[in-house]
Chemist: 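Okay, handing you the structure first.
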Amino acid sequence: MKLHEYQSKQIFGRFGIPVPNGKVADTPEAARQIAQELGGPVVVKAQVLVGGRGKAGGVKLAKTPDEAEQRAKEILGMQIKGLPVKKVLIDPAADIREELYLGVVLDRAARRVAVMASAAGGVDIEEVAATTPEKIITVRVDPLIGLAEYQARQLAYGIGLKEKKQVGQFIKIVKALYNVFINTDASLAEINPLAIVGDEGNLMALDGKIVLDDNALFRHPDLAEMRDESEETPAEREARLNGLSYVDLDGTIGCLVNGAGLAMATMDVIKLFGGEPANFLDIGGGARAEKVAAALRIILSDPKVRAVLVNIFGGITRGDEVARGIVQAIEEVKPNVPFVVRVVGTNAEEARKILESANMITAETLAEAAQKAVEVANQAA
């Protein structure tokens, strides 16, 4: 679950990270009023859960309240990477002297939390990693000890901070961001840019990003309430509400599989035979008919889908339950695309009888199922 910039910065502030005292507006008139309250130049920033806002024209400077109203009018309602802008953040304009990067992320390979810093802030960290990786300084935190001060100091000196005051401020911010990451069960906490501002050279988080681990949201009902459902597609929302793992892709063959590894393998085999998957969808173990029906409704709502491949390995999941869910969904949605189904394992024979009685194409192996799915999808095209 992603948080908006203004939400992330509110959390940063609670943990002692210096942030601008900006406010959110959903109308141009409200933007004007906030700019008037703040006094002086402001920055009007689109609040959408994608990157590249500045390049898309979603971040604009305004010198007066009237100009802030006009800039908000230009930004509100615009589309950035397909998402409509419904809110803008009005922040006081900062006198930026230097832009740094600071982020905390889970390094799965090292089985540690990694804290990264760079003197090349204000741009995508992925771009820095690709072009000048030597500019990124990383320390990995022992989970039994936590972030040590010497590690924060190592980051400060590694990115070229020399003034005693700035090093001290940076260490406090690094510790605070690490605490944000741990205490919110985040998978990412990022400040970009962490700017050196004004004549006094103080550090301030001018932008912020937090990505929360959905599996831990039951521990944080206050954070779960921050979810912006308007940023989800209807398919993503239905998948989340039904406990399904779903990712929309660009292909034409809808995939319904139980198990993430099997789903990835299914997508690979589809490509092997010249097709393209339309989605990743894992119904998980023990899925009953209602969950399968919900999964198929999501797949069939995609107009790109020309065929559906169902690949079920019945371990915990009962094949006959999946088959009943498929038939139930077909009766509800009445699709006009062919189905290819491969079911093995628990109650597989009963599942095949149910599916064959519903005039579906069945297959014994994954390769056979993928080949048939590609053939019927090509015929539909």
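Hydrogens, waters and symmetry mates are skipped; everything else that's a heavy atom, side chains included, is used.
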Chemist: Would you say Tyr178 ends up clustered with Leu161 if hydrophobic residues are merged whenever their side chains have heavy atoms under 4.5 Å apart, either directly or through other cluster members?
Modeler: yes
Chemist: With sequence neighbours excluded, give me every salt bridge (Lys or Arg N to Asp or Glu O under 4.0 Å) pair touching residues 372-381.
Modeler: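 For residues 372-381: Glu368-Lys372.
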Chemist: Tell me every residue that passes side chain to side chain donor-acceptor pair (under 3.5 Å) with Lys87, counting only those two or more places apart in sequence or in another chain.
Modeler: Tyr6
Chemist: Salt bridge (Lys or Arg N to Asp or Glu O under 4.0 Å): which pairs involve residues 256-278, sequence neighbours left out?
Modeler: none
Chemist: For residues Ala278 and Val305, report the shortest heavy-atom separation together with the two atoms involved.
Modeler: CB-CG2, 3.8 Å
Chemist: Can you confirm whether Phe218 is buried at CZ, in the sense that more than 12 heavy atoms of other residues, nucleotides or ligands lie under 6.0 Å from that atom?
Modeler: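 Atom CZ in Phe218 is packed in, count exceeds 12.
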Chemist: Using modelled atom types only, decide if a donor and an acceptor are shared between the side chain of Ser118 and the backbone of Tyr101 within a distance under 3.5 Å.
Modeler: no
Chemist: Tell me whether the count of non-hydrogen atoms from other residues, nucleotides or ligands lying under 6.0 Å of CE in Met226 goes above 12.
Modeler: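 Enclosed.
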Chemist: Among residues two or more places apart or on two chains, list those pairs meeting salt bridge (Lys or Arg N to Asp or Glu O under 4.0 Å) that have a residue in residues 105-119.
Modeler: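 Qualifying pairs, neighbours excluded: Asp107-Arg140.
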Chemist: Would you be so kind as to tabulate the donor-acceptor pairs closer than 3.5 Å made by side chains of residues 22-42, with sequence neighbours excluded?
Modeler:
| residue | atom | partner | partner atom | Å |
| --- | --- | --- | --- | --- |
| Lys23 | NZ | Glu37 | OE1 | 3.1 |
| Thr27 | OG1 | Ala30 | N | 3.1 |
| Arg32 | NE | Asp66 | OD1 | 2.8 |
| Arg32 | NH1 | Gln36 | OE1 | 3.2 |
| Arg32 | NH2 | Asp66 | OD1 | 2.7 |

Chemist: Applying side-chain contact (heavy atoms from CB on, under 4.5 Å), can you list everything that pairs with Lys2, at least two apart in sequence or on another chain?
Modeler: Leu49, Val211
Chemist: Is Arg97 reaching over with its side chain to a backbone N or O of Gly201, donor-acceptor style, under 3.5 angstrom?
Modeler: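 Side chain of Arg97 to backbone of Gly201, a donor-acceptor pair under 3.5 Å: no, none is there.
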Chemist: Quick one: salt bridge (Lys or Arg N to Asp or Glu O under 4.0 Å) pairs with a partner in residues 39-65, sequence neighbours left out?
Modeler: Glu5-Lys45, Glu5-Arg53, Arg53-Asp207, Lys60-Glu74
Chemist: Once side-chain contact (heavy atoms from CB on, under 4.5 Å) is applied, do any residues pair with Glu200, and if so which ones, sequence neighbours excluded?
Modeler: Lys165, Asn202
Chemist: Between the main-chain N or O of Glu126 and the side-chain N or O of Asp124, is there a donor-acceptor pair closer than 3.5 Å?
Modeler: no
Chemist: Give a yes or no on whether a salt bridge exists between Glu67 and Arg71, defined as a side-chain N under 4.0 angstrom from a carboxylate O.
Modeler: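 Answer for the salt bridge query: yes.
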Chemist: Does Asn258 use its side chain to pair, donor to acceptor, with the backbone of Phe313 at less than 3.5 Å?
Modeler: yes
Chemist: Counting only heavy atoms not in Asp250, do more than 12 sit closer than 6.0 Å to its CG atom?
Modeler: no
Chemist: Would you please test Val376 and Val340 for side chain to side chain contact (heavy atoms under 4.5 Å, CB included) and show each step?
Modeler: CA-CA 9 Å; Val376 294; Val340 179; 4.2 Å; yes
Chemist: Determine, using the 4.5 Å side-chain heavy-atom cutoff (strictly less than), whether Val247 and Val269 are members of one ILVMFWY cluster.
Modeler: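 Val247 does not cluster with Val269.
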Chemist: Applying side chain to side chain donor-acceptor pair (under 3.5 Å) as the test, list every pair that has at least one member in residues 294-306; sequence neighbours left out.
Modeler: Glu238-Arg297, Arg297-Glu332, Asp302-Lys304
Chemist: Residues in side chain to side chain donor-acceptor pair (under 3.5 Å) with Glu163, at least two apart?
Modeler: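 So Glu163 forms no side chain to side chain donor-acceptor pair (under 3.5 Å) with any residue.
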Chemist: If the test is side chain to side chain contact (heavy atoms under 4.5 Å, CB included), which one of Leu194, Asn179, Leu155, Ile191 qualifies with Val174?
Modeler: Leu155
Chemist: Under the 3.5 angstrom rule, does the side chain of Gln169 hit a backbone N or O of Leu203 as a donor-acceptor pair?
Modeler: yes
Chemist: Using the side-chain contact (heavy atoms from CB on, under 4.5 Å) criterion, which residues pair with Ile354? Sequence neighbours excluded.
Modeler: Asp320, Ala323, Arg324, Val327, Glu350
Chemist: Between Glu69 and Lys73 (salt bridge meaning N to carboxylate O under 4.0 Å), is one present in this structure?
Modeler: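 Salt bridge flag = no for Lys73 with Glu69.
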Chemist: Excluding sequence neighbours, so at least two apart, what forms ring pair (Phe, Tyr, Trp, His ring centres under 6.0 Å) with Phe280?
Modeler: none
Chemist: In this structure, would Ile171 and Ile173 fall into the same cluster of hydrophobic residues linked by side-chain contacts under 4.5 Å?
Modeler: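 Same cluster.
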Chemist: So Phe339 and Ile361, do their side chains get closer than 4.5 Å, heavy atoms only?
Modeler: no
